Protein chains: 2
Amino acid sequence: MSKAVKLIDIAHKLNYSVVTISKALRDHPDISNKTRDLIKKVAEEMGYSPNLVARSLSSRKSNIIGLVVPKIAHHFFGQIIQTIYDIGFEHNYEILLMVSQEEQERERKHLQTLLAMKVDGIIISITEKTRDYKIFETIKERGVPLVFMDRIPDMERINSVRVTDYEGAYNGTEHLIRLGYKNIGHFGGYQDTRIGRDRYNGFKNAMDDAKIPINPNWVKFGGFSEDDGFKTFSKLVETGNLPDAILAATYPIALGVYMAAKERKIKIPNDIDIICFGDANIQRFLEPALSCIQQPTKIIAEKSMEILFDLITNPKQEKFTSEIVPTKLIIRETASKCNRL
Amino acid sequence: MSKAVKLIDIAHKLNYSVVTISKALRDHPDISNKTRDLIKKVAEEMGYSPNLVARSLSSRKSNIIGLVVPKIAHHFFGQIIQTIYDIGFEHNYEILLMVSQEEQERERKHLQTLLAMKVDGIIISITEKTRDYKIFETIKERGVPLVFMDRIPDMERINSVRVTDYEGAYNGTEHLIRLGYKNIGHFGGYQDTRIGRDRYNGFKNAMDDAKIPINPNWVKFGGFSEDDGFKTFSKLVETGNLPDAILAATYPIALGVYMAAKERKIKIPNDIDIICFGDANIQRFLEPALSCIQQPTKIIAEKSMEILFDLITNPKQEKFTSEIVPTKLIIRETASKCNRL
DNA sequence: TTGTATGCGTTATCAT
DNA sequence: ATGATAACGCATACAA
């Protein structure tokens with residue numbers, strides 16, 4: 001069991017002070033090239049690696065970015081996490097990932113921990129149930145850079161990156177209408193969340209603009225999970241009155257509908273058609289291949305990191321950035337022709 | 001921009017020493033109940049939360065577990081990560097996730113960083129290309145608890161959790177043979193990795209035991225990704241000589257085969273049949289539903305954490321634990337009947 | 001160019 | 001039961 005090499009060990013060996021060693025290893029201009037090279041060489045030989053905990057405490061900089069997401073084993077967040085990790089790695093930042101599991105209290109604890117760990121910045125996609133924004137105010141007061149991603153709270157003066165939720169839903173609905181559908185339902189998010197409202201409003205306005213009445217029995221608000229989609233659709237089946245097509249607010253919801261439909265021998269897209277937000281790549285191998293309103297995960301992640309790095313680099317600025325990334329309609333086997341014509 | 005409350009702030013307010021505050025907040029028996037309650041109350045009111053960086057440095061305990069995986073946007077690892085996060089959360093441990101992207105050098109850097117961050121323990125699933133085990137020896141020497149998971153190096157005296165790779169491959173192959181297949185191929189991992197060898201040997205011995213000769217043109221060793229599966233299958237198609245069924249070493253490989261097959265209008269399972277390691281849940285919605293040798297992700301994650309916690313709690317023990325978790329054959333639409341009968 | 005003194009916020013040790 | 005002092009390993013400001 002060998003101990004870790006410290007600055008002082010190198011200092012003793014070379015008869016330099018700890019400070020000189022510290023500076024040399026960090027390429028501080030104070031130190032001459034010759035001394036620096038010697039010190040680096042010896043440090044390498046001795047297997048030195050800095051104690052990042054001590055460095056954090058002393059420098060008040062952790063080189064850690066906190067990332068809070070509601071779920072991880074979902075394609076959308078998986079992709080985003082992957083990209084953020086890669087960008088972090090390129091910039092010598094560690095990513096501290098926290099998974100809130102769609103629970104507000106857990107999210108709050110995670111944020112508290114990130115503050116206590118003195119991370120340099122935070123990127124968060126809030127849970128579908130987050131209503132209390134006090135913790136976000138605390139973070140702002142502490143001066144910790146904060147960027148909201150995709151799931152944005154109803155707050156002023158924040159940094160955020162999201163997609164064109166309204167337009168995406170509008171376009172998706174309009175597409176269904178153009179195919180010839182009139183009996184269209186929407187499985188959406190809670191209406192006291194921004195994303196839930198934006199997507200519903202896109203749906204609603206597309207219907208209104210086409211002068212098609214909305215049947216409230218076919219509009220359901222709730223969670224974003226597979227389970228939610230499964231239950232919502234199952235209940236709808238039991239009413240005996242199904243729409244001809246559904247606009248689902250997330251890919252997991254659509255998957256839940258697939259599951260429930262398979263169980264009840266309801267054929268997609270013949271008995272009921274569907275399109276959803278989010279592209280999982282694998283969707284083209286589903287039976288039938290699931291069409292979607294694609295959200296560009298890579299761009300979302302990149303923009304978020306870009307904004308965050310800017311905030312970290314220039315801390316005192318009083319500006320707030322709000323990026324909105326366009327969505328794209330991807331048509332596969334569902335929502336490709338009207339099953340009622 | 002408000003500053004964080006420190007121990008000394010509470011100390012000043014209550015006319016106690018910093019030490020007393022510190023002890024009280026950690027329920028140290030030195031402090032009387034009355035004092036403790038008072039201090040806790042005031043700390044709460046003042047919004048105190050400990051600086052975990054300082055605590056780590058002082059106590060030489062970080063309450064952080066490092067987790068290194070080759071990929072994240074894959075179902076198998078996604079599930080495992082999720083479970084490990086949940087268990088960590090329950091035990092008041094943070095999980096520091098690192099993604100090696102199947103690159104040995106990146107993996108080494110990540111491990112170095114985890115050491116530098118003074119994590120309390122490490123769980124790792126090594127890359128498909130990891131051949132140099134020096135860094136693992138370093139970790140052992142440092143006395144940092146280390147558990148290998150699923151992807152295990154060829155080393156003695158390590159803690160590990162893996163599945164019955166050999167038996168799983170044997171059973172899967174045997175199943176194909178029982179269906180009536182004779183022309184069976186294997187898309188496997190590199191043969192200088194343990195998991196690659198174990199799965200190939202399972203395949204080989206099943207074939208040998210059934211006295212079916214192996215056609216070496218149908219046995220391909222390489223990476224575990226979708227891309228690998230896609231390329232391997234595409235090349236095989238070009239030889240004009242396909243097997244009747246394939247045992248794929250991973251789910252992504254099988255997915256790659258699906259993609260290549262779709263592109264070339266080759267029908268699964270009629271033209272070629274397939275079964276793979278790993279169950280992605282969504283596999284039953286693929287066309288055709290993909291059968292598999294299921295690896296119980298939750299159990300793997302749980303056992304790994306269990307072993308790690310034991311190592312953290314009892315540091316000095318010189319024993320090594322090696323858990324082997326059974327796999328299970330899940331038959332869906334592929335590998336359900338012989339396409340050559 | 002190099003070194004000294006001090007501090008980061010907490011915990012451990014040992015007195016009182 | 002409570003507190004003074006040192007230590008954790010490093011970085012910053014300032015001195016030489």
Side-chain angles (χ1 to χ4, degrees), chain A residues 2-40 42-43 46-64 112-113 115-120 142-143, chain B residues 2-40 42-43 46-64 112-113 115-120 142-143:
Chain A
S2 65
K3 277 202 169 175
V5 179
K6 296 177 291 188
L7 286 183
I8 199 170
D9 299 323
I10 310 177
H12 283 158
K13 182 149 192 168
L14 290 177
N15 265 7
Y16 276 113
S17 78
V18 172
V19 179
T20 303
I21 309 291
S22 168
K23 284 180 177 171
L25 292 177
R26 286 175 297 133
D27 291 317
H28 198 289
D30 273 3
I31 311 296
S32 73
N33 288 358
K34 204 179 134 196
T35 326
R36 170 168 47 69
D37 292 345
L38 170 66
I39 291 177
K40 281 199 172 183
V42 174
M46 297 176 71
Y48 172 80
S49 107
N51 180 327
L52 296 179
V53 178
R55 174 176 281 180
S56 279
L57 183 60
S58 178
S59 66
R60 263 140 301 191
K61 175 110 174 54
S62 64
N63 271 55
I64 297 176
Q112 204 70 59
T113 305
L115 286 182
M117 297 181 82
K118 305 295 166 186
V119 297
D120 291 342
R142 282 272 203 290
Chain B
S2 66
K3 279 201 169 177
V5 178
K6 297 177 291 188
L7 287 182
I8 200 172
D9 299 324
I10 309 177
H12 282 157
K13 182 148 191 169
L14 290 177
N15 266 7
Y16 276 113
S17 78
V18 172
V19 179
T20 303
I21 309 291
S22 170
K23 283 180 177 170
L25 292 177
R26 286 176 296 133
D27 292 317
H28 196 291
D30 272 3
I31 310 297
S32 73
N33 287 359
K34 208 179 133 197
T35 323
R36 169 168 49 70
D37 293 345
L38 171 66
I39 291 178
K40 282 199 170 181
V42 173
M46 297 176 72
Y48 172 80
S49 109
N51 180 328
L52 296 179
V53 178
R55 173 177 283 178
S56 280
L57 182 60
S58 179
S59 66
R60 263 138 301 187
K61 176 112 174 50
S62 64
N63 271 57
I64 298 177
Q112 204 69 58
T113 305
L115 286 182
M117 297 182 82
K118 305 294 167 186
V119 298
D120 291 343
R142 282 274 202 292

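Chain naming here is simple, since letters A, B, ... match the order of the sequence lines and numbering starts at 1 in each. Predicted model, so just to flag it, every value in this text is computed and none were measured.
- In terms of modelled atom types and a separation under 3.5 Å, the side chain of Arg60(A) and the main chain of Ser58(A) share a donor-acceptor contact.
- A donor-acceptor pair under 3.5 Å links the side-chain atoms of Ser62(A) to the main chain of Lys118(A), judged by distance alone.
- In terms of heavy atoms, Ala54(B) sits closest to Leu57(A) at CB-CD1, 3.8 Å.
- Across Met117(B) and Ile64(A), no two heavy atoms sit closer than the pair CE-CD1, 3.3 Å.
- As a whole-Å value, the separation of Tyr16(A) OH from dT2(C) C1' is 9 Å.
- Regarding Asp30(A), its CG atom lies at a distance of 12 Å from the P atom of dG3(C), rounded to whole Å.
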Practice prompt. Classify every nucleotide of nucleotides 4-11 of chain C by which part a protein heavy atom approaches to under 4.0 Å, writing B for the base, S for the sugar-phosphate alone and - for neither, in 5'-to-3' order.
Written response: BB-BBBBB

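- Distance, Lys61(A) NZ to dG9(D) P: 23 Å, rounded to whole Å.
- The separation between Leu38(A) atom CG and dT1(C) atom P is 16 Å, rounded to whole Å.
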Worksheet entry | Candidate pair Asp9(A) and Lys3(A), rule side chain to side chain contact (heavy atoms under 4.5 Å, CB included), full reasoning | CA-CA 11 Å; Asp9(A) 299 323; Lys3(A) 277 202 169 175; over 6 Å; no

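- For Ser59(A) (side chain) and Arg55(A) (main-chain N/O), a donor-acceptor pair under 3.5 Å exists by modelled atom type.
- Between Thr35(A) and dT1(C) there is no side-chain N or O to OP1 or OP2 distance below 4.0 Å.
- Going from atom CG of Asn63(A) over to atom P of dA11(D) covers 11 Å, rounded to whole Å.
- Atom-to-atom, CD1 of Ile21(A) to C1' of dG9(D) comes out at 14 Å; the value is rounded to the nearest Å.
- Residue Ser56(A) is classed as having no contact, given no heavy-atom separation below 4.0 Å to the nucleic acid.
- Atom CD1 of Ile10(A) is separated from atom C1' of dC10(D) by 12 Å (rounded to the nearest Å).
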